[in-house]
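By convention in this document, chain letters (A, B, ...) are assigned in the order of the sequence lines, proteins followed by strands, and residues within each chain are numbered from 1.
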Amino acid sequence: MPEVSRKIADAVNKSQLEAVSRLDGPLLVLAGAGTGKTRVITYRIANMIGNGIAPERILGLTFTNKAAREMRERLAAMIPGDSAEKVFLGTFHSFGARFLRRHVGVLGFTSDFTIADEADQLGIMKQAILDVDLNKDLANPKFCLHLTSKIKNAMSAPEAADIRDTILSRFFPAIYRRYNQILKNQNMLDFDDLLLFVVMILERDEQILERSRKEKTHLLVDEYQDTNFLQFRLLQLLAGKSRNLCVVGDDDQSIYGWRGAEITHILRFAEKFPGAKVVKLERNYRSTTTILDGANAVISLNNNRHSKNLWSDLGEGEPIKIISARTGEEEADFVADTIIDAINGRDRLSPSSIAILYRSNHLSRLIEESLRVSRIPYKLVGSKSFYDRKEVRDAVAYLKILHNKRDDQSLLRIIGVPPRGIGDKAIEHLKRIKAESGAIPMGDILATREFRASVTNAAAKSAEQLADTIRLFRQEFQQGSVEIAPSARKYLEQVGYLDGLARMHKDTDEYIRRRDNVLELVNAMAQYQGRNPSATLGDFLESHSLADDSDKVRKDSQDDDAVTLMTVHAAKGLEFPLVLVVAMENGMFPNERAMRDGSVEEERRLFYVAMTRAKKQLILTRAISRMTHGEIMRRPPSPFLGDIPKELTVSANAQNAFKKVDTETLIKALENFTA
DNA sequence: ATGTTTAATCTTTTT
DNA sequence: GATTAAACAT
């Protein structure tokens, strides 16, 4: 076994040391919640470098950008020089994107491909359905995208899709092929292609495979329980015969089954990589025994799991609170009151040490209102983020068409925004000519005689202007060594978008707000280039496409010290002294639709993740009735609440928890007192 | 072609 | 309850 530096050996416990020091061959680290997983990974990388493995040859894959960022920071603090910079640490998808920029040529794409976002995918799928002449009532575009993703992730043929509808099952293969063809025509890849194409190239091309294996000799994967088939296959290919593959994960925290993740990968790792060493991390450094025992009791009801025995020596602490409110509003008020008490009361918690978790995004709304009324600073992770605003997406589309002239989706998005005399009719002609001509980019059609002859003078004129401006700035950006932010701003002005916003919104406040959002995007570009001085527009767009929830944080105040609101999914990997989980009702958590898909165990794992985020105190709240779809719904409490042993919990009603005295009663009481 | 009103459709989780 | 598509009026 390789030497481990004294500094590292002193910083880890016995089982952690095993995981850190065994550098060759397959290794599975089963890391329960709060057992120092990130610590193990970073120390392990430091140990690799300490033992002479070149940092360039280490490939660390994660599922979120945030996890990658965190690891790099911790690594940089640990090892001297710029070695930490040289390790590839990133998401599977960003690795795929980087790999494909080099190699995607063999599949007929060019290296300046763009990544299709959800809106692009939907638009392309709608077009594909239209192209195969199917009545759109028969082929739901969203459902088709779902099927497409499943097919790609399983690397199977569209004929193998599991479709009950006989008509759709007959047409789906054609739709699937047409969808991919449109993507290719536009030099675009969807998210799944980012993984699929890497695997295809590695399987097909022995030389690239050998070269890749030599380049990355030591692989490390975080959150292995979330890998899907493509990701598994990628690891298998890259690991090769040397199989220097270390995967870290916790089967109990597998919560992405709906996205194709297969828990069997972690359950059967030792079968797929015979001779694999297995290290279990069971000592929890995070939570009180009350919280841990509660979480263990809940998760032990699952059948499909590695047995494990998580323990901590952090003391019993407070019991788990279960609070019933009459309505969602009352629940939200209770949450705000609890937080005020935690901050100002004897606990003196800082807002940033408090998290409010929920199963689905829309549940944040009521809570937000209460927090605002109570003037509690908060930040919202994910959900309707800044980047989802219409004006920001429009601005991004303007930039995308600049970078990729074949991106028809972006052109269609911006051609009528702001209104410039090109309306439905002109767009019909544009699409018609596109269909007749084959693969000519729509942007080029704008300048053709046929198009100009088909539409009104006004439309032809502004189409020409639009095409000219785009061409002009495309050249500017292609020259490289451009300061992307100022150029982007100039472009958005000259193309008439910023002025257009004013025309589109008579309400000046709204106009200013939207313009500020667009300028905020420009600002984000400047910051991006500040971090990566040689960055091009394409680089910015890629990082924008691959951004995840943890990159999308909406702050309600400038204060960094704020309460965090997020979904349980977004909370994975994080910890907080005080955690509140809201909407603990049957149907909400566990989620009704998820239950219909038969994934009770995954819902339970999700609840396990929620519980194990808490270090000192866990509060679970529910509302007896709640507004959903605009009508009041009564729901029974979540069955998960009953799965927690009674001796670990205390239950109460929200209205008794914080006695609210309105001013009138107070005055009366005072009067009585003075009298 | 564009602006305004009404109807409809959904909210599970996301790289 | 909020966003988006479709229908209608200017």
A:Ile115 CD1 to B:dT15 C1', straight-line distance once rounded to whole Å: 10 Å
Of the candidates B:dT12, B:dT11, C:dT4, the side chain of A:Glu603 sits closest to B:dT12
Quick check: on DNA chain C, is the nucleotide nearest A:Lys390 upstream (toward 5') of the one nearest A:Arg365, or the reverse? Name the residue that is more 5'. A:Arg365
Side-chain N,O (A:Arg259) to OP1/OP2 (B:dT15) below 4.0 Å: no
For A:Leu189, which of A:Leu100, A:Leu196, A:Leu107, A:Thr114 qualifies under side-chain contact (heavy atoms from CB on, under 4.5 Å)? A:Leu100
N/O (side chain, A:Thr567) to phosphate O (OP1/OP2, B:dT14) under 4.0 Å: yes
Tell me the interatomic distance from A:Phe99, atom CZ, to B:dT15, atom P, rounded to whole angstroms. 23 Å
Nearest-angstrom distance from the residue atom CD1 of A:Ile255 to C1' of B:dT15: 13 Å
Distance, rounded to the nearest Å, where A:Met566 contributes CE and B:dT14 contributes C1': 15 Å
Atom pairs under 3.5 Å, N or O on each side, protein against nucleotides 7-10 of chain C: can you list them with distances?
none

The side chain of A:Asn361 lies closest to which of these nucleotides: B:dT11, B:dT13, C:dA2? B:dT13
Of the listed nucleotides (B:dT11, B:dT12, B:dT13), which one gets closest to any side-chain atom of A:Ala594? B:dT12
Holding to side-chain hydrogen bond (donor to acceptor under 3.5 Å, both in side chains), I want the full list of residues that pass it with A:Ser410, two or more places apart in sequence or in another chain. A:Asp407
Rounded to whole angstrom, note down the P distance from C:dT4 over to B:dT13. 16 Å
Separation of atom CG in A:Asn591 from atom P in B:dT13, rounded to whole Å: 8 Å
Assign the ring pair A:Phe88 / A:Phe95 to parallel, tilted or perpendicular, where the plane angle (0 to 90°) is split at 30° and 60°. perpendicular
Identify the pairs formed between an N or O of the protein and an N or O of nucleotides 1-5 of chain B at a distance under 3.5 Å, and give each distance.
unit_1 : atom_1 : unit_2   : atom_2 : d
B:dA1  : OP1    : A:Gly423 : N      : 3.3
B:dT2  : OP1    : A:Gly421 : N      : 2.6

Let me know the distance between NE2 of A:His569 and P of B:dT11, rounded to the nearest Å. 16 Å
Going by the angle between their ring planes, with limits at 30° and 60°, are A:Phe99 and A:His103 parallel, tilted or perpendicular? tilted
d(NZ, A:Lys142; C1', B:dC10) in whole Å: 8 Å
